[in-house]
Amino acid sequence: MSDKWEELKQWLEEGIEAETQLANITKAENYFAYNEALGHLEAMRSVRNHMDLMELKEI
């Protein structure tokens, strides 16, 4: 894969880490922030999973 592909995967991993910390109900500022973080986390994980599947198809 290209360097841009790896850069995007790294960005996703960092984003997933950050959103995981925000998606903690005890640490969230309010319920809206918690739900927003959960939505971002789900979307980023979905993109990462799709990228992993694309890489597997190339093997």
Side-chain angles (χ1 to χ4, degrees):
M1 289 284 160
S2 71
D3 289 337
K4 294 287 183 186
W5 183 265
E6 293 304 320
E7 185 178 330
L8 177 59
K9 282 184 71 176
Q10 181 62 35
W11 178 82
L12 277 169
E13 289 298 326
E14 291 169 3
I16 287 170
E17 274 185 42
E19 292 298 332
T20 299
Q21 292 175 4
L22 294 173
N24 183 336
I25 192 71
T26 60
K27 294 181 181 176
E29 295 177 25
N30 55 46
Y31 196 64
F32 176 79
Y34 170 72
N35 280 327
E36 186 177 38
L38 283 179
H40 291 164
L41 186 57
E42 183 179 350
M44 288 180 166
R45 284 180 175 164
S46 178
V47 170
R48 187 194 58 199
N49 289 340
H50 183 71
M51 291 175 74
D52 290 343
L53 285 174
M54 291 175 65
E55 286 178 346
L56 286 174
K57 285 182 179 180
E58 287 187 4
I59 295 177

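When reading the values below, keep in mind they use all heavy atoms of this one structure, side chains included, and skip hydrogens, waters and symmetry mates.
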Can you give the donor-acceptor pairs under 3.5 Å from side chains of residues 7-14 to other protein atoms, not counting sequence neighbours?
from	atom 1	to	atom 2	distance (Å)
Lys9	NZ	Glu55	OE1	3.1
Lys9	NZ	Glu55	OE2	3.2
Gln10	NE2	Glu14	OE2	3.0
Glu13	OE2	Arg48	NH1	3.3

Is there a donor-acceptor pair under 3.5 Å between the side chain of Thr20 and the backbone N or O of Ile16?
yes
Only distances under 3.5 Å count here; give the side-chain donor-acceptor pairs of residues 21-28 to other protein atoms, sequence neighbours excluded, each with its distance to 0.1 Å.
from	atom 1	to	atom 2	distance (Å)
Asn24	OD1	Thr26	N	3.0
Asn24	OD1	Thr26	OG1	2.7

Sequence neighbours left out, what passes side chain to side chain contact (heavy atoms under 4.5 Å, CB included) with Glu17? Give chain and number order.
none
Just wondering, do Leu38 and Glu42 contact through their side chains at under 4.5 Å, heavy atoms?
no
